[in-house]
Trainee: 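Encoded as structure tokens, here's the structure I'll be asking about.
Side-chain atoms are counted along with the backbone in the values below, which use heavy atoms only and exclude waters and symmetry mates. Numbers restart at 1 for each chain; the letters A, B, ... are given by sequence-line order, proteins then strands.
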There are 2 protein chains.
Amino acid sequence: MDTVDRLIESTRELLWERGYVGTSPKAIQQRAGAGQGSMYHHFTGKPELALAAIDRSARELCSAADAELAAPGSAVERVTAYLRRERDVLRGCPIGRLTQDPEIMADPMLREPVTQTFDWMRRRLARVLTEGRDRGEFDASLNADATASTIVAVLQGGYVLARAAGSAEPFDEAVTGVLGLLAGHVVPDENS
Amino acid sequence: MDTVDRLIESTRELLWERGYVGTSPKAIQQRAGAGQGSMYHHFTGKPELALAAIDRSARELCSAADAELAAPGSAVERVTAYLRRERDVLRGCPIGRLTQDPEIMADPMLREPVTQTFDWMRRRLARVLTEGRDRGEFDASLNADATASTIVAVLQGGYVLARAAGSAEPFDEAVTGVLGLLAGHVVPDENS
DNA sequence: GTCTATAGTAAGATAGAC
DNA sequence: GTCTATCTTACTATAGAC
């Protein structure tokens with residue numbers, strides 16, 4: 001991993017742990033094992049470095065979700081796999097946490113990948129649910145768009161509850177709850 | 001409102017807008033219209049002031065929720081009233097946002113009211129759902145504890161989605177989604 | 001109680017040598 | 001490309017006068 005990569009990775013970790021406001025150039029340099037001159041040679045400053053880090057996290061997040069949601073299986077199976085995927089719950093979501101950062105939200109450049117990520121995620125899940133309903137897996141009363149937003153919200157809120165509790169338990173419980181609610185709209189398989 | 005109150009209120013607003021890391025004593029003083037000497041006369045420093053502010057927000061949040069959840073009506077009606085209550089969605093949750101703050105989470109004193117608030121909220125909602133189920137409003141398959149956690153998570157996650165989108169729309173949609181899912185477990189009223 | 005002065009540390013960068 | 005000064009401003013207080 002070269003210096004540029006180490007700087008981006010360090011920034012990614014620090015944004016995740018401490019947010020933009022709580023992350024200093026000095027902390028980034030120390031974690032990357034790079035000097036000030038090195039950092040300012042490759043990047044114009046903290047915002048540009050943060051943008052590179054956020055972009056990378058956003059891409060990773062979407063591609064990981066897509067791997068789960070594009071897999072074979074029923075809609076419920078895929079949504080369950082996505083929700084139950086092993087996660088470092090107490091770390092929270094590297095993109096979601098940025099929505100709490102006033103300087104990220106105030107800068108259109110930094111904010112854009114955050115907006116895009118959740119837009120994409122809601123649409124991607126809505127597509128899975130719509131397909132499932134079209135195939136007769138769900139009853140017709142299921143609102144695919146709204147339910148997709150609910151599922152993404154449960155994940156993001158689950159992180160909040162877990163961090164507040166200092167335990168992954170509320171996250172798992174919230175996921176259990178939404179899957180239980182969703183089960184009420186699943187049409188029993190005639191082949192089972 | 002005396003100086004102490006103005007200091008606490010200013011801290012509350014700033015913690016809400018910018019978090020603990022992003023809030024400086026100077027900013028608090030300016031918003032409160034108080035000098036440095038005044039602030040340090042009444043409080044030992046930023047942590048003590050933050051604790052007073054967080055405690056006040058936590059109390060307000062719980063008492064506002066209780067007003068909704070202890071009202072007359074069916075369980076679904078009360079949960080709906082709670083979820084649909086008018087909110088300044090884009091501001092987010094004054095307590096939930098603190099879970100993203102590393103210095104809040106690292107300090108047991110500051111963290112405790114955050115932990116307590118969500119504990120209380122989950123239990124309070126679980127009680128409403130359990131009562132509803134016991135009265136036959138829900139079918140027996142409803143998991144009251146898990147669903148309570150889901151509902152709190154939808155709120156917290158809804159704030160995240162709304163802030164990311166710069167619009168209250170995803171919040172409202174996530175709420176619509178969870179209420180739609182919950183409706184699948186409601187037993188039709190024989191008197192209607 | 002409130003004000004001003006002082007002070008050490010960190011943030012966020014720029015300049016210029018190597 | 002990287003390193004070491006240097007610089008300005010902000011953070012988070014403490015001290016002592018009024």
Trainee: Is it true that B/R122 and A/E169 make a salt bridge, defined as a side-chain N closer than 4.0 Å to a carboxylate O?
Mentor: yes

Trainee: Between B/P25 and B/M39, which heavy-atom pair has the shortest distance, and what is it?
Mentor: CB-CE, 3.8 Å

Trainee: Could you walk me through whether B/Y82 and B/V128 pass the side chain to side chain contact (heavy atoms under 4.5 Å, CB included) check?
Mentor: CA-CA 11 Å; B/Y82 171 60; B/V128 171; over 6 Å; no

Trainee: Do A/T117 and A/S57 have side chains that get closer than 4.5 Å, going by heavy atoms?
Mentor: no

Trainee: Expected output is a numbered-order residue list: members of residues 36-47 of chain A with a heavy atom under 4.0 Å from any atom of DNA chain D. What is it?
Mentor: A/Q36, A/G37, A/S38, A/H41, A/H42

Trainee: Check whether any side-chain heavy atom of A/T150 sits under 4.5 Å from a side-chain heavy atom of B/T176, and report yes or no.
Mentor: no

Trainee: In residues 2-35 of chain A, which residues come under 4.0 Å of DNA chain D by heavy atom?
Mentor: A/T3, A/G35

Trainee: Output yes when B/D5 and B/R56 qualify as a salt bridge under the 4.0 Å nitrogen-oxygen rule, no when they do not.
Mentor: yes

Trainee: Which residues pass the salt bridge (charged side-chain N to carboxylate O under 4.0 Å, His left out) test with A/E112, sequence neighbours left out?
Mentor: none

Trainee: Measure from CD on B/E48 to P on D/dT14 and round the result to the nearest Å.
Mentor: 12 Å

Trainee: Check whether B/V76 and B/L69 end up in the same hydrophobic cluster, where Ile, Leu, Val, Met, Phe, Trp and Tyr are linked by side-chain heavy atoms less than 4.5 Å apart.
Mentor: yes

